[in-house]
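Computed over heavy atoms, backbone and side chain alike; hydrogens, waters and symmetry mates excluded. Throughout, residue positions are numbered sequentially from 1 according to the sequence presented. Because the structure is a prediction, the values reported are computed rather than measured.
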Amino acid sequence: GSESTDQDLRECYLKLGELHEDILDQPDVAAERFHQVLEMFPADSTASEGLDRIYRQEERWDDLVQLLERGLQEQPRNVKILVRLAELMFRRLDDPHQAVMRAEQALGIDTDNPKAIALLNTMFDEGQCREHVGLLLEERLRKAGEYERLALILTDRILHTDGLRSRQDLLGQLAAIRNEQLNDPDGAFALLLERVAIGADNSLAREDLVALAGENGRWEEAAALLSA
């Protein structure tokens, strides 16, 4: 029947693909044969793996993205594919926005995926999509107790936040981390001074400053600002 004929064709194309790839060193022809298998059997893993291998070896990154996205249509919750797409978009195709989108999708399925988190950390360090990446990392860093890293991300958010109340809130969060988790009362005090300076009408900011000044014997500095 036609099904057995298709299976015979599949075997033939796969053998030809392997021949052209391994023996004849003709990767383009091999890719055509593997692609013919996928046209008949879209979920064929042997053909997909063959194309994946060739596209990587030949640095055909756009073709590899298309192959992976095709695989994602078959398995929309495949975290491994999503992470590979994110890495490809960032490292090979210079498309950080697509990279973040795919990494976010992966983390929506596997919230602690180490490869997705590592990629986002790299992107942050390289200054790519920092605001979006920082928001994705923030709660994970808090849960993991990685406060030095969290402080770095909050500092960056403060630099890029225009709203007065938002800045004050972030300064308060960062001061609490500096004081309570990082044992840096001087750093915390400086942040609280800034928080009051940019919005002296904020009673909570004033109360926090007074409390920390009392803990660290820095009444004079606090009083000078509060009476200004």
Side-chain angles (χ1 to χ4, degrees), residues 52 55-69 71-72 76-195 197-198:
D52 192 309
Y55 292 159
R56 278 184 286 115
Q57 288 170 351
E58 299 298 305
E59 299 187 358
R60 291 169 58 176
W61 307 123
D62 287 315
D63 288 332
L64 182 54
V65 165
Q66 285 186 2
L67 178 69
L68 292 173
E69 286 180 340
L72 205 57
R77 292 179 61 81
N78 188 313
V79 173
K80 185 177 179 181
I81 294 177
L82 285 166
V83 172
R84 284 192 66 198
L85 278 168
E87 290 174 336
L88 267 173
M89 291 296 183
F90 178 57
R91 300 184 196 284
R92 302 297 184 183
L93 294 177
D94 193 25
D95 191 343
H97 295 286
Q98 279 289 319
V100 174
M101 185 189 79
R102 292 304 190 186
E104 185 173 12
Q105 287 176 324
L107 290 171
I109 300 164
D110 177 11
T111 189
D112 295 316
N113 185 275
K115 286 190 173 182
I117 291 171
L119 177 64
L120 291 175
N121 274 306
T122 298
M123 292 183 69
F124 184 87
D125 289 340
E126 294 186 14
Q128 299 291 334
C129 302
R130 270 192 155 187
E131 185 176 358
H132 192 173
V133 168
L135 288 170
L136 289 174
L137 289 174
E138 190 178 314
E139 196 54 41
R140 291 173 173 85
L141 292 170
R142 206 182 296 273
K143 281 169 58 179
E146 294 183 34
Y147 292 109
E148 284 282 6
R149 186 74 174 165
L150 178 58
L152 182 69
I153 283 174
L154 288 177
T155 300
D156 183 77
R157 277 186 64 195
I158 290 166
L159 291 173
H160 296 96
T161 297
D162 295 324
L164 180 62
R165 291 297 181 192
S166 296
R167 279 178 65 84
Q168 286 183 313
D169 179 54
L170 289 167
L171 285 164
Q173 288 184 50
L174 185 54
I177 290 168
R178 286 250 164 255
N179 189 45
E180 295 163 20
Q181 274 82 34
L182 299 178
N183 194 27
D184 179 15
D186 290 340
F189 191 75
L191 290 162
L192 291 180
L193 284 173
E194 181 183 351
R195 186 182 179 208
I198 65 171

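Within the model, atoms CD of Gln128 and OG1 of Thr122 stand 11.0 Å from one another, a figure rounded to the nearest 0.5 Å. The OG1 atom of Thr111 sits 4.0 Å away from atom CZ of Arg140, with the distance rounded to the nearest 0.5 Å. To the nearest 0.5 angstrom, Gln98 atom CD is 10.5 Å from Cys129 atom SG. Separation of atoms CZ (Arg130) and CG (Leu159) is listed at 9.0 Å; rounding is to 0.5 Å. Between the CG atom of Leu68 and the CG atom of Asp63 there is a distance of 11.0 Å, given to the nearest 0.5 Å. Separating the CG atom in Leu170 from the CG atom in Leu191 is a distance of 11.0 Å, to the nearest 0.5 Å.
Other residues, nucleotides and ligands contribute at most 12 non-hydrogen atoms within 6.0 Å of the CD atom of Glu131.
Of all heavy-atom pairs between Ala151 and Leu182, the closest is CB-CD1, 4.1 Å. Of all the heavy atoms in Met123 and Pro96, the pair that sits closest is CE-O, 3.5 Å.
A salt bridge links Arg149 with Asp125: the distance from a Lys NZ or Arg NE/NH1/NH2 to an Asp or Glu carboxylate oxygen falls below 4.0 Å. A salt bridge links Arg167 with Glu194: the distance from a Lys NZ or Arg NE/NH1/NH2 to an Asp or Glu carboxylate oxygen falls below 4.0 Å. Ion pairing between Lys143 and Glu139 fails under the 4.0 Å rule for side-chain N and carboxylate O. In this structure, Glu87 does not pair ionically with Arg84, as no charged nitrogen and carboxylate oxygen lie closer than 4.0 Å.
In this model, a donor atom of one side chain and an acceptor atom of the other lie less than 3.5 Å apart for Gln173 and Arg142.
Side-chain contact check for Leu136 versus His132: some heavy-atom pair is nearer than 4.5 Å.
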Arg56 and Asp52: CA distance, side-chain angles, deciding distance, salt bridge (charged side-chain N to carboxylate O under 4.0 Å, His left out) verdict: CA-CA 6 Å; Arg56 278 184 286 115; Asp52 192 309; 2.7 Å; yes
